Amino acid sequence: MGVKGFVEGGIASIVAGCSTHPLDLIKVRMQLQGEAAMALHGGAALTVQGPISVGLRIIQQDGPKALFSGVSATVLRQTLYSTTRMGLYEILKNKWTDPNTNTLPLPTKIAAGLISGAVGAAVGNPADVAMVRMQADGRLPLSQRRNYKSVVDAISQMAKKEGIASLWRGSSLTVNRAMVVTASQLASYDHFKEMILEKNLIKDGLGTHVTASFAAGFVAAVASNPVDVIKTRVMNMKVEAGKAAPYRGAVDCAVKTIKAEGPMALYKGFIPTISRQGPFTVVLFVTLEQVRKLFKDF
């Protein structure tokens with residue numbers, strides 16, 4: 001059961017991650033808007049563009065294929081991070097479910113999500129850093145682009161130029177975000193699904209899976225967006241030799257962002273976040289349910 005949970009979760013995560021990658025790319029670009037002109041650099045705030053404008057600009061500048069910049073990192077990230085978190089969540093859920101009533105209270109589901117999300121994030125952080133940088137590269141002037149050829153090239157260049165520790169830059173944020181996302185996404189999906197079936201609102205099938213997964217995606221987006229904005233900025237920052245880093249850490253980044261751009265800056269990219277988190281969660285759980293049917297005899 002343990003191994004099967006990892007395989008099922010991994011397949012569903014890779015399918016969901018690749019199919020929603022362009023929305024994730026747009027979200028990252030939006031989260032970085034205004035950063036270059038923040039008050040800490042002595043500039044004025046930039047005009048914030050919407051997701052459609054950002055998407056069209058990416059296509060105009062670098063072509064449609066640019067919407068899949070960093071997709072190799074997404075595949076690696078889902079393979080490491082999501083496979084781990086989803087497999088571990090299933091193990092904990094099965095271990096903690098009451099054998100007599102076959103039920104698991106919501107707080108226990110949340111605890112399982114927090115633990116599995118933290119472990120998954122620690123494993124997948126190097127791929128997460130590489131993905132953010134590859135997605136953000138196109139917004140930089142040509143002379144400043146990192147031009148990573150692939151996720152392997154990104155990770156090797158970071159390790160060589162910035163040290164092995166750079167692969168875990170922002171890891172505390174990644175872990176915090178993963179705990180929030182996993183607890184809200186997986187626990188709420190299970191809970192919404194159980195509620196729908198208990199109240200006989202819809203029969204167990206595609207309709208139930210889509211409804212429960214979209215609700216779970218909304219909950220996850222609202223809970224995780226502020227952490228995601230700070231994570232993106234910390235991971236993407238350039239640290240030059242002999243110069244102080246733009247941010248000393250997550251708290252410093254949050255304070256500077258709020259001071260320069262206002263509290264709602266922590267919800268930059270929320271529209272593409274929910275636009276991505278909703279479809280991602282739907283594809284994730286619908287695919288997962290189908291994969292479970294295929295593997296039920298194994």
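Since we're looking at a predicted model, the values are computed, not measured. Only heavy atoms go into these numbers, but all of them, side chains included; no hydrogens, no water, no symmetry mates.
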Practice task
May I ask you to check whether over 12 heavy atoms, not counting those of Arg145, lie within 6.0 Å of atom CZ?
Solution key: yes
In terms of heavy-atom contacts, Ile58 and Ile26 come closest through CD1-CG1, 4.4 Å
Scanning both residues in full, the closest heavy-atom pair of Ala112 with Ser116 reads O-OG, 2.8 Å
Pairing of Asp190 and Lys193 as salt bridge, 4.0 angstrom limit: no
Here the pair of heavy atoms bringing Asp252 nearest to Tyr247 is OD2-CA, 3.4 Å
For Met237 and Arg169 the tightest heavy-atom approach is O-NH1, 3.7 Å
Exercise for the section: Just do the side-chain contact (heavy atoms from CB on, under 4.5 Å) check on Met235 and Asp128 with the steps written out, would you? Expected result: CA-CA 9 Å; Met235 285 183 167; Asp128 210 4; 4.0 Å; yes
- CZ (Phe218) with more than 12 external heavy atoms under 6.0 Å: no
query: Between Tyr148 and Arg146, is there a cation-pi geometry (under 6.0 Å to ring centre, at most 45° from the normal)?
result: no
One should read off an interatomic distance between Phe214 CZ and Phe285 CZ, to the nearest 0.5 angstrom, of 14.0 Å
Distance col, row Leu197:CG vs Asp204:CG, nearest 0.5 angstrom, shows 5.0 Å
CG (Leu23) and CG (Leu67) are apart, to the nearest 0.5 Å, by 9.0 Å
- Query: With the threshold set at 4.0 Å, does a side-chain nitrogen-carboxylate oxygen contact exist between Glu90 and Lys4?
  - Reply: no
Asn225-Thr273 side chain donor-acceptor pair, cut-off 3.5 Å:
yes
Next item on the list: State whether Glu261 and Arg233 are salt-bridged, where the test is any N-O pair (Lys NZ or Arg NE/NH1/NH2 against Asp/Glu carboxylate O) under 4.0 Å.
Entry: yes
**Study point:** Salt-bridge criterion met for Arg133 and Asp137 (N-O under 4.0 Å)
**Key:** no
request  = Please test Ser82 against Gln78 for side chain to side chain donor-acceptor pair (under 3.5 Å), starting from the C-alpha separation and ending with a verdict.
outcome  = CA-CA 5 Å; Ser82 286; Gln78 297 299 339; 2.5 Å; yes
> Leu76 and Ile155: side-chain contact (heavy atoms from CB on, under 4.5 Å), yes or no, with the steps?
Replying inline: CA-CA 11 Å; Leu76 180 60; Ile155 290 174; 4.0 Å; yes
Closest non-hydrogen atoms of Val71 and Cys18, given as atom of the first, atom of the second and distance, are CG2-SG, 4.4 Å
Rounded to the nearest 0.5 Å, the OG1 atom of Thr83 sits from the CZ atom of Phe6 at a distance of 9.0 Å
Pair Thr103, Asp98: side-chain N/O donor-acceptor within cut-off below 3.5 Å:
no
When rounded to the nearest 0.5 Å, the distance separating NE2 of His191 from CD1 of Ile110 is 8.5 Å
Taken to the nearest 0.5 Å, the spacing of Glu162 CD from Ile164 CD1 works out to 11.0 Å
Salt-bridge criterion met for Glu194 and Lys109 (N-O under 4.0 Å)
yes
Q) Can you tell me if Arg85 and Gln185 form a side-chain donor-acceptor pair at under 3.5 Å? A) yes
Notebook entry, point to check: For Val282, does its backbone N or O pair with a side-chain atom of Tyr189 as donor and acceptor, under 3.5 Å?
Noted result: no
Looking only at heavy atoms, the pair that brings Val219 and Phe192 closest together is CG2-CE1, 4.2 Å
